[in-house]
Amino acid sequence: MKVSVIIISYNCKSFLDYCIQSVTEALKNTNAEIIVFDNSSTDGTVEFLRLKDYNIKLIESDNNLGFSKANNEAVKSAKGEYLFFLNPDTIIPEDFFDNFFKKDFKNFGIYGCRMIDGRGNFLRESKRNFPNSKIIFKKIIGLKSNYYSKLNEFDFGEVDVLCGANMIVKNLTYKKIDGFNNDYFMFGEDIELSYRFKNTGYCNFYDGNMTIVHFKGESTKTNINYLKNFYGAMEIYYQNIFSSNWFLLFMIKIISKFLIFINVLMPKKQNINFQTAKNILFSNKLNTALDKRFKGIILKSKIDKSFENCNLILDPNYLTFKQIIKTLNMLKNGNNINFWFLSKDSSYMLKSGDMNQKGNVIFL
């Protein structure tokens, strides 16, 4: 078997469903398996998937093991030569694997590609530098820190750190370096894994020619536990990699606790209102479920000047996932568009999120 796609899910059944739809299309010409490891979701994820006709291996956990440990557990049953760690809140294009297997890698360690959020904005965490003591300190207090790689977002080349939301590694190599560090619950585990691959002599490759959508944060919530995991990850990384400077570690812990306190007091607001000036369906035929729920849907089969100041509903029965991603890239700037993603069976729509907001789901 060539590829094992491993998806860790937690309370994001609709985003996971949409992700599986895109992965299934991308795997049509590849000998592969999809492994979904559910981290004890309480939103009915397992029951939801069982109603679907997907060819997946579903692993149910009695407890939420976190990202690192869940991936390591899933790898135990993976049969693929390559492991593709993929977040459940992602969309990949149909030619993803064809593109990957055409690449000529030397000393292959980790492969990751360009990510955009659900509004088409480039996600800079797609390619990062190793965080040394100075970078960690500046990053954690919000200063410019050279945390992100200077490689152009559309180029292909070596970088230090790739994002755990999309990582391809060789199965044997992953096991050789003992996989993700189980000390991390979520966040930071991809940085240490990238470090250990590179420190062992392998190269980490970023591909700016291939783009996927990462909706951002659909398996998490911005609450006290989320913040503790986010800021605590840097403490774990620093202890593991730069453990000699205990004074700086102490300062990082103090600053982390202060930032958690501030974020809890002043949470970010989210806008989930569907009603705007006009609603456009990008498709070749009207949708009965949409028309019943929202009156006055405008049908468009081509992009034109009307694609602005609107809710734009993208239909995967008309557009390929690659075309959906291309549409986000084309319309991301200056059009005041809320992107919505219709499911293939028209049972729900996903609202695009960004770096500061979670997405939303409307069931039809």
S.K.: Between Asp207 and Asn99, is there a side-chain donor-acceptor contact under 3.5 Å, judged purely by atom types and distance?
M.R.: yes

S.K.: Is a side-chain donor or acceptor of Asp190 paired with a backbone partner of Gly164 at a separation under 3.5 angstrom?
M.R.: yes

S.K.: Taking CG in Asn55 as the centre, count heavy atoms belonging to other residues, nucleotides or ligands within less than 6.0 Å. Is the count above 12?
M.R.: no

S.K.: Answer yes or no: is there a side-chain heavy-atom contact under 4.5 Å between Tyr18 and Pro316?
M.R.: yes

S.K.: Before accepting this row, confirm whether a basic side-chain N of the pair Lys344/Asp315 lies closer than 4.0 Å to the acidic partner's carboxylate O.
M.R.: no

S.K.: Please check: side-chain N/O of Ser68 versus main-chain N/O of Asn181, any donor-acceptor pairing under 3.5 Å?
M.R.: yes

S.K.: Establish whether Phe85 and Leu172 are linked, either directly or via other cluster members, by ILVMFWY side-chain heavy-atom contacts under 4.5 Å.
M.R.: no

S.K.: List in chain and number order the residues that pass salt bridge (Lys or Arg N to Asp or Glu O under 4.0 Å) with Asp38, two or more places apart in sequence or in another chain; answer none if no residue qualifies.
M.R.: none

S.K.: Would you kindly say whether Asp17 and Tyr348 are connected by a side-chain donor-acceptor distance under 3.5 Å?
M.R.: yes

S.K.: Quick one: do Met1 and Ile6 end up in the same hydrophobic cluster if we chain Ile, Leu, Val, Met, Phe, Trp and Tyr together by side-chain heavy atoms under 4.5 Å apart?
M.R.: no

S.K.: Look at the rings of Tyr82 and Phe101 and say which category their plane angle falls in: under 30° parallel, 30 to 60° tilted, over 60° perpendicular.
M.R.: perpendicular

S.K.: Closer than 3.5 angstrom, by distance alone: can the side chain of Arg128 be matched with the main-chain N or O of Glu125 as a donor-acceptor pair?
M.R.: yes

S.K.: Please give me the minimum heavy-atom distance between Ile325 and Ile212, naming the atom from each residue.
M.R.: CD1-CA, 4.2 Å

S.K.: Report yes or no: do Asn166 and Tyr111 form a side-chain donor-acceptor pair below 3.5 Å?
M.R.: no

S.K.: For the side chain of Glu33 and the backbone of Lys79, is there at least one donor-acceptor N/O pair under 3.5 Å apart?
M.R.: yes

S.K.: Checking Lys28 now: which residues fulfil salt bridge (Lys or Arg N to Asp or Glu O under 4.0 Å) with it, not counting sequence neighbours?
M.R.: Glu25

S.K.: Where the side chain of Lys127 meets the backbone of Gly157, is there a donor-acceptor pair that is under 3.5 Å apart?
M.R.: no

S.K.: Mind checking ring-ring contact (aromatic ring centres under 6.0 Å, His included) for Phe154 and listing every partner two or more places apart, or none if nothing turns up?
M.R.: none

S.K.: Taking the six-membered ring for Trp, are Tyr206 and Phe122 parallel (under 30°), tilted (30 to 60°) or perpendicular (over 60°)?
M.R.: perpendicular

S.K.: Ignoring hydrogens and geometry, is there a side-chain-to-backbone donor-acceptor pair from Glu73 to Ala70 under 3.5 Å?
M.R.: no

S.K.: Do Asp98 and Lys102 sit within salt-bridge range, that is, some charged N less than 4.0 Å from a carboxylate O?
M.R.: no

S.K.: Does a donor on one side chain and an acceptor on the other come within less than 3.5 Å for Asn182 and Asn72?
M.R.: yes

S.K.: For Lys198 and Cys203, run side-chain contact (heavy atoms from CB on, under 4.5 Å): C-alpha distance rounded to whole Å, both residues' side-chain angles, the deciding distance at 0.1 Å, then the answer.
M.R.: CA-CA 6 Å; Lys198 198 158 185 179; Cys203 299; over 6 Å; no

S.K.: Ring pair (Phe, Tyr, Trp, His ring centres under 6.0 Å) for Phe307 and Phe282? Distances and angles first, verdict last.
M.R.: CA-CA 10 Å; Phe307 281 47; Phe282 196 177; 5.4 Å; yes

S.K.: Grouping I, L, V, M, F, W and Y whenever their side-chain heavy atoms are under 4.5 Å apart, do Leu58 and Leu51 come out in a common cluster?
M.R.: no

S.K.: Counting only heavy atoms not in Lys52, do more than 12 fall under 6.0 Å of its NZ?
M.R.: yes

S.K.: Using modelled atom types only, decide if a donor and an acceptor are shared between the side chain of Ser301 and the backbone of Asn284 within a distance under 3.5 Å.
M.R.: no

S.K.: Treating Asn11 as the side-chain partner and Asp43 as the backbone partner, does any N or O pair qualify as donor plus acceptor under 3.5 Å?
M.R.: yes

S.K.: Going through the checks in order, is the side chain to side chain donor-acceptor pair (under 3.5 Å) test met by Asn64 and Ser40?
M.R.: CA-CA 5 Å; Asn64 186 350; Ser40 193; over 6 Å; no

S.K.: Do Asn63 and Ser61 get their side chains close enough for a donor-acceptor pair, meaning under 3.5 Å?
M.R.: no

S.K.: Quick one about Thr211 and Arg114 (side-chain donor to acceptor, distance below 3.5 Å, no hydrogens or angles considered), yes or no?
M.R.: yes

S.K.: Would you tell me whether Asn121 and Asp117 have side-chain atoms, one donor and one acceptor, within less than 3.5 Å of each other?
M.R.: yes

S.K.: Check Cys19 against Pro88 and note the closest heavy-atom contact, atom names and distance.
M.R.: CB-O, 3.2 Å

S.K.: Does the ring centre of Phe84 sit less than 6.0 Å away from the ring centre of Phe100?
M.R.: no

S.K.: With a 3.5 Å distance limit and no angle check, can you tell me whether Tyr174 reaches the backbone of Ile168 through a side-chain donor-acceptor pair?
M.R.: no

S.K.: How far apart are the C-alpha atoms of Tyr202 and Phe108, what are their side-chain angles, what is the distance that settles it, and do they pass the ring pair (Phe, Tyr, Trp, His ring centres under 6.0 Å) test?
M.R.: CA-CA 6 Å; Tyr202 297 101; Phe108 177 72; 8.7 Å; no

S.K.: Taking all atoms of both residues into account, what is the closest heavy-atom pair of Val36 and Leu16, and its distance?
M.R.: CG1-CD2, 4.1 Å

S.K.: So which heavy atom on Thr45 is nearest to which on Lys13, and how close?
M.R.: OG1-CB, 3.6 Å

S.K.: Checking Asn171 against Glu81: is there a side-chain donor and acceptor pair closer than 3.5 Å?
M.R.: no

S.K.: Counting neighbours of NZ on Lys175 that are heavy atoms of other residues, nucleotides or ligands and sit closer than 6.0 Å, is the number greater than 12?
M.R.: yes

S.K.: Closest heavy-atom contact between Leu27 and Phe97?
M.R.: CD2-CE1, 3.3 Å

S.K.: Looking at every heavy atom in both Ala78 and Leu83, which two are closest together, and how far apart are they?
M.R.: CB-CD2, 3.7 Å

S.K.: Give a yes or no on this: more than 12 heavy atoms of other residues, nucleotides or ligands lie within 6.0 Å of atom NZ of Lys322.
M.R.: no

S.K.: For Arg196 and Ile177, indicate whether the former's side chain and the latter's backbone hold a donor-acceptor pair under 3.5 Å.
M.R.: yes

